[in-house]
Participant: 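Could you have a look at this structure, given as structure tokens, before my questions?
Model, not experiment: these values are computed from the prediction. When reading the values below, keep in mind they use all heavy atoms of this one structure, side chains included, and skip hydrogens, waters and symmetry mates. Residue numbers start from 1 in every chain, and the chains themselves are labelled A, B, ... in the order their sequence lines are given, proteins ahead of strands.
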Number of protein chains: 2
Amino acid sequence: MSSLTPPPHRPTLADVADAAGVAISTASRALAVPGRGNPDTRERIIRIAKDLGYTPVTASNASATPSTRMVAVLVSDVTNPFYFGIIRGTQQALRVAGYSQILVHTEESPEMEESTLEELRSSYDGAILTASRLSDERLAELSAELPLVALNRAVPGVPSVFIDTPLGFDQAVEHLASLGHRRICYVAGPPTSWASNLRWRAVAAACERLGIEYTKVGPYQPRTKAGAAAADAALNTGATACVAFNDLLAIGMLIRLKERGVRVPEDMSIVGCDDIFGADFCNPPLTTLTAPVEQAARLSVSMLLDRLQSERIGASALTRRHIAALPTHLTVRESTGSAPRRTPGGES
Amino acid sequence: MSSLTPPPHRPTLADVADAAGVAISTASRALAVPGRGNPDTRERIIRIAKDLGYTPVTASNASATPSTRMVAVLVSDVTNPFYFGIIRGTQQALRVAGYSQILVHTEESPEMEESTLEELRSSYDGAILTASRLSDERLAELSAELPLVALNRAVPGVPSVFIDTPLGFDQAVEHLASLGHRRICYVAGPPTSWASNLRWRAVAAACERLGIEYTKVGPYQPRTKAGAAAADAALNTGATACVAFNDLLAIGMLIRLKERGVRVPEDMSIVGCDDIFGADFCNPPLTTLTAPVEQAARLSVSMLLDRLQSERIGASALTRRHIAALPTHLTVRESTGSAPRRTPGGES
DNA sequence: GTGAAAGCGCTAACAG
DNA sequence: CTGTTAGCGCTTTCAC
């Protein structure tokens with residue numbers, strides 16, 4: 001009997017099966033299918049499997065059924081602290097569901113997104129695209145071909161988790177207006193960024209509503225380095241306050257303004273977006289929009305798993321058209337100051 | 001003939017094969033084995049495969065041969081900006097080699113490291129463990145069972161890429177001594193951190209050599225939040241300068257010291273380690289050790305791929321005992337000031 | 001150089 | 001409820 005001699009190789013299902021004196025399929029069922037089979041044999045098999053140190057070869061599983069228990073998480077730039085919470089959130093949520101994540105850094109490139117999605121297609125069950133650089137149409141097409149959810153993006157026909165920053169930008173503009181600013185500058189992110197356009201529109205709308213002037217500079221790469229050019233450009237617009245596409249840009253501006261001897265918030269107020277790592281300890285601390293990133297990440301995971309689940313059953317496109325919106329809120333710090341401006345109105 | 005009708009399903013090797021009028025095995029060879037077979041048929045098959053939009057099902061491959069083209073990258077805390085460069089570096093290096101990375105966040109837990117490694121075993125070919133919390137012995141054992149390389153760690157018998165921070169800490173202490181400090185405090189990281197102990201020893205040795213006093217506070221979690229307690233403790237030691245386990249702690253200390261009205265660097269100098277995102281724009285900017293992280297990441301990838309390569313051939317444990325050390329350098333910023341201290345000697 | 005056939009480890013119908 | 005059997009898509013001997 002081979003019940004005491006563990007096989008020289010990594011134990012396979014067959015080893016478990018004959019150690020337990022059952023057929024391979026029985027062992028498979030006991031280990032893989034939740035509530036089927038005789039509870040006793042079931043438990044016995046599980047125990048034996050444990051004793052033998054059996055671990056399933058997931059790839060073979062994937063060969064027999066199209067399930068890899070892997071989810072691809074595409075991120076435009078892992079270097080951006082905005083993704084901290086996202087990556088952490090998806091990882092945790094996936095792990096409790098027994099999934100792992102394949103993290104891919106797409107370098108802000110839509111081509112890279114597509115090619116990755118394609119090349120890795122057989123390695124994952126579904127995908128989460130964060131801040132995708134792809135068009136709405138392309139996303140919708142892809143979503144028809146494979147289970148995906150868009151994070152930090154709202155696309156009709158694609159399950160999406162949208163972080164409602166436009167709402168926050170509205171609040172930010174109101175905040176600035178209440179401090180007496182009369183001319184505001186939006187510092188734009190990458191031209192391919194869906195969110196950046198949305199934010200610009202939100203700023204413009206809020207300014208219109210409040211009757212204050214507005215301009216735009218950019219586009220800029222969402223990096224601190226780009227903040228230097230952004231700051232210089234913004235100063236030229238005559239605006240007394242800037243609302244930046246994100247914190248990376250905003251922090252970069254802070255650095256540049258300090259270099260140039262422009263005081264923040266006295267001479268220029270700055271508002272960022274995302275409340276990333278560093279926003280609270282930069283100099284001065286940054287007023288910004290705080291986004292519920294981890295929550296967004298968890299939500300996107302559960303939407304994806306739901307979708308995987310329902311597709312397994314056959315209910316194709318019913319609940320999948322869901323778009324969830326998560327609110328952001330304004331976190332006021334020193335970069336916008338607290339006292340009203342000396343010269344409200346801004347005229348000479 | 002089926003040469004014009006693409007199959008309704010995702011094309012398989014069989015489809016390519018009979019579109020080309022060859023046997024499956026020939027198609028397989030043409031697509032997978034580098035220099036074998038007739039160059040003409042080979043090219044023809046490749047073209048046809050492309051036309052059909054054929055993509056190999058990696059999982060099946062993994063079933064037939066133990067190769068997944070995936071590498072697991074374990075990171076103790078994705079939230080730590082130190083890993084930015086690492087993740088980016090491994091991703092890039094892996095990608096050019098045709099591999100993808102499975103990123104796992106182990107939450108500073110050795111158990112999580114082990115269980116992940118085990119559970120995912122059949123999903124990756126090799127693993128890169130960054131700042132592993134496992135013991136040298138355990139790492140050596142694991143390294144015997146599976147292809148892994150340790151990053152930011154030097155373990156005898158395990159291919160390791162070591163970022164030589166002790167050398168840097170030595171420089172840092174010298175820098176502080178040259179500024180007139182006579183009592184230095186080391187702010188320790190997690191007790192499970194191999195690097196933290198090493199750094200403490202480096203600080204102690206340097207202080208001995210230079211004839212200055214030294215103490216230690218901690219251990220602390222490597223987070224900015226922990227910096228508050230660390231700062232308070234450090235102030236109590238009577239030291240005029242602190243060398244922290246890493247930048248996260250150092251930045252946290254900066255924040256706390258500012259709250260308490262302690263001036264940096266006038267009343268207390270601070271040195272961090274890693275030169276993470278934020279170290280240059282915190283207040284005041286942080287003197288720290290700059291580590292060649294992306295280089296380290298790339299190196300660890302190439303060591304791993306070498307190892308995978310040589311194991312495929314059979315040359316098991318020859319070059320694998322390699323430990324690479326990468327130097328760090330001191331980046332001086334305001335947190336240590338530039339002028340010598342008023343009261344060198346430190347006596348009352 | 002190419003084809004036939006035997007697996008890789010696992011799951012899923014279908015019988016018993 | 002369990003065992004038998006037939007694949008999943010691919011690689012890899014081994015003849016031809």
Side-chain angles (χ1 to χ4, degrees), chain A residues 7-46 48-49 52-70 119-123 125 312-314, chain B residues 7-46 48-49 52-70 98 119-123 125 312-313:
Chain A
H9 56 292
R10 179 173 208 270
T12 84
L13 196 52
D15 298 318
V16 177
D18 58 52
V22 297
I24 288 190
S25 54
T26 310
S28 172
R29 251 181 315 244
L31 263 20
V33 188
R36 300 266 300 247
N38 184 322
D40 292 347
T41 23
R42 177 189 178 64
E43 262 186 62
R44 192 165 51 88
I45 292 176
I46 292 182
I48 292 187
L52 252 44
Y54 167 76
T55 39
V57 173
T58 56
S60 304
N61 176 344
S63 179
T65 82
S67 164
T68 60
R69 305 240 98 185
M70 293 270 173
E119 284 165 20
L120 260 51
R121 182 61 193 96
S122 60
S123 304
D125 292 354
R312 179 185 306 266
I313 298 173
Chain B
H9 57 292
R10 182 175 206 270
T12 85
L13 196 53
D15 297 319
V16 177
D18 55 56
V22 298
I24 291 189
S25 51
T26 309
S28 173
R29 247 181 319 244
L31 263 21
V33 187
R36 300 269 299 249
N38 184 321
D40 291 348
T41 22
R42 177 188 177 64
E43 260 187 64
R44 192 164 52 88
I45 292 176
I46 291 182
I48 293 188
L52 251 45
Y54 167 76
T55 39
V57 172
T58 58
S60 305
N61 178 344
S63 178
T65 82
S67 165
T68 60
R69 305 243 99 187
M70 293 271 171
E119 284 165 21
L120 259 52
R121 182 61 192 97
S122 59
S123 304
D125 292 354
R312 178 187 306 264
I313 298 173

Participant: Base, sugar-phosphate, or nothing: which does B:Pro66 touch, judged by heavy atoms less than 4.0 Å apart?
Facilitator: nothing
Participant: Given C:dC10, C:dT2, C:dG7, which nucleotide is nearest the side-chain atoms of B:Ala64?
Facilitator: C:dG7
Participant: Just to verify, what does A:Ser123 make a side chain to side chain donor-acceptor pair (under 3.5 Å) with, not counting sequence neighbours?
Facilitator: B:Thr58
Participant: Roughly how many Å is it from CG in A:Asp40 to P in D:dC1, rounded to a whole number?
Facilitator: 11 Å
Participant: Round to a whole Å and report the spacing from CG of B:Asp15 to C1' of D:dG9.
Facilitator: 11 Å
Participant: According to side chain to side chain contact (heavy atoms under 4.5 Å, CB included), who are the partners of A:Arg29, at least two apart in sequence or on a separate chain?
Facilitator: A:Ser25, A:Thr26, A:Val33
Participant: Considering residues at least two apart in sequence or located in another chain, which fulfil the side chain to side chain contact (heavy atoms under 4.5 Å, CB included) criterion with A:Leu13?
Facilitator: A:Ile24, A:Ala27, A:Ser28, A:Leu31, A:Tyr54
Participant: Between B:Arg121 (side chain only) and A:Thr55 (backbone N and O only), is there a donor and an acceptor less than 3.5 Å apart?
Facilitator: no
Participant: Could you say whether B:Arg42 or A:Ala32 is positioned toward the 5' end of DNA chain C, judged by the nucleotide with the nearest heavy atom to each?
Facilitator: B:Arg42
Participant: Atom OH of A:Tyr54 to atom P of C:dG9: distance rounded to whole Å?
Facilitator: 10 Å
Participant: Of the options D:dG9, C:dT11, C:dC10, whose atoms approach the side-chain atoms of A:Ser28 most closely?
Facilitator: C:dT11
Participant: Measure the distance from CG on A:Asp18 to P on C:dG9 and round it to the nearest whole Å.
Facilitator: 13 Å
Participant: Base, sugar-phosphate, or nothing for A:Ser122, non-hydrogen atoms under 4.0 angstrom?
Facilitator: nothing
Participant: Can you check the B:Arg44 CZ to C:dG1 C1' distance for me, whole Å?
Facilitator: 13 Å
Participant: Atom CZ in A:Arg44, atom CD1 in A:Ile48: separation rounded to 0.5 Å?
Facilitator: 5.5 Å
Participant: Quick check for you: to the nearest 0.5 Å, what is the distance between A:Glu43 atom CD and A:Asn38 atom CG?
Facilitator: 10.0 Å
Participant: What nitrogen or oxygen pairs link the protein and nucleotides 3-6 of chain C at under 3.5 Å?
Facilitator:
residue : atom : partner : partner atom : Å
C:dG3   : OP2  : B:Ala23 : N            : 3.1
C:dG3   : OP2  : B:Thr26 : OG1          : 2.4
C:dG3   : N7   : B:Ser25 : OG           : 3.3
C:dG3   : N7   : B:Arg29 : NH2          : 3.1
C:dG3   : O6   : B:Arg29 : NH1          : 3.2
C:dA4   : N6   : B:Ser25 : OG           : 3.2

Participant: To the nearest 10 degrees, what angle separates the axes at the start and end of the helix from C:dG1-D:dC16 to C:dG16-D:dC1, five pairs each?
Facilitator: 30°
Participant: Which heavy atom of B:Ser60 sits nearest to which heavy atom of A:Ser63, and what is that distance?
Facilitator: OG-OG, 3.9 Å
Participant: Please figure out whether B:Leu13 or A:Thr41 has its closest DNA chain D nucleotide nearer the 5' end.
Facilitator: A:Thr41
Participant: Between B:Thr65 and B:Ala62, is there a donor-acceptor pair closer than 3.5 Å when you use the side chain of the first and the backbone of the second?
Facilitator: no
Participant: For B:Ala59, answer base if it contacts any base atom (sugar-phosphate contacts may also be present), sugar-phosphate if it contacts only those atoms, and nothing otherwise; contact means non-hydrogen atoms under 4.0 Å.
Facilitator: nothing
Participant: If you round to the nearest 0.5 Å, how far is CG of A:Leu52 from CD1 of A:Ile45?
Facilitator: 12.5 Å
Participant: Suppose we screen for side chain to side chain donor-acceptor pair (under 3.5 Å). Which residues come up paired with B:Thr68, at least two apart in sequence or across chains?
Facilitator: B:Asp125
Participant: To the nearest Å, how far apart are B:Leu31 CG and C:dT2 P?
Facilitator: 14 Å
Participant: Starting at CZ of A:Arg121 and ending at C1' of D:dG9, how long is that distance when rounded to a whole Å?
Facilitator: 15 Å
Participant: If you only use heavy atoms from C-beta on, which nucleotide in C:dC8, C:dT11, C:dC10 is closest to the side chain of B:Ser63?
Facilitator: C:dC8
Participant: B:Asn61 CG to D:dT11 P: how many Å, rounded?
Facilitator: 5 Å
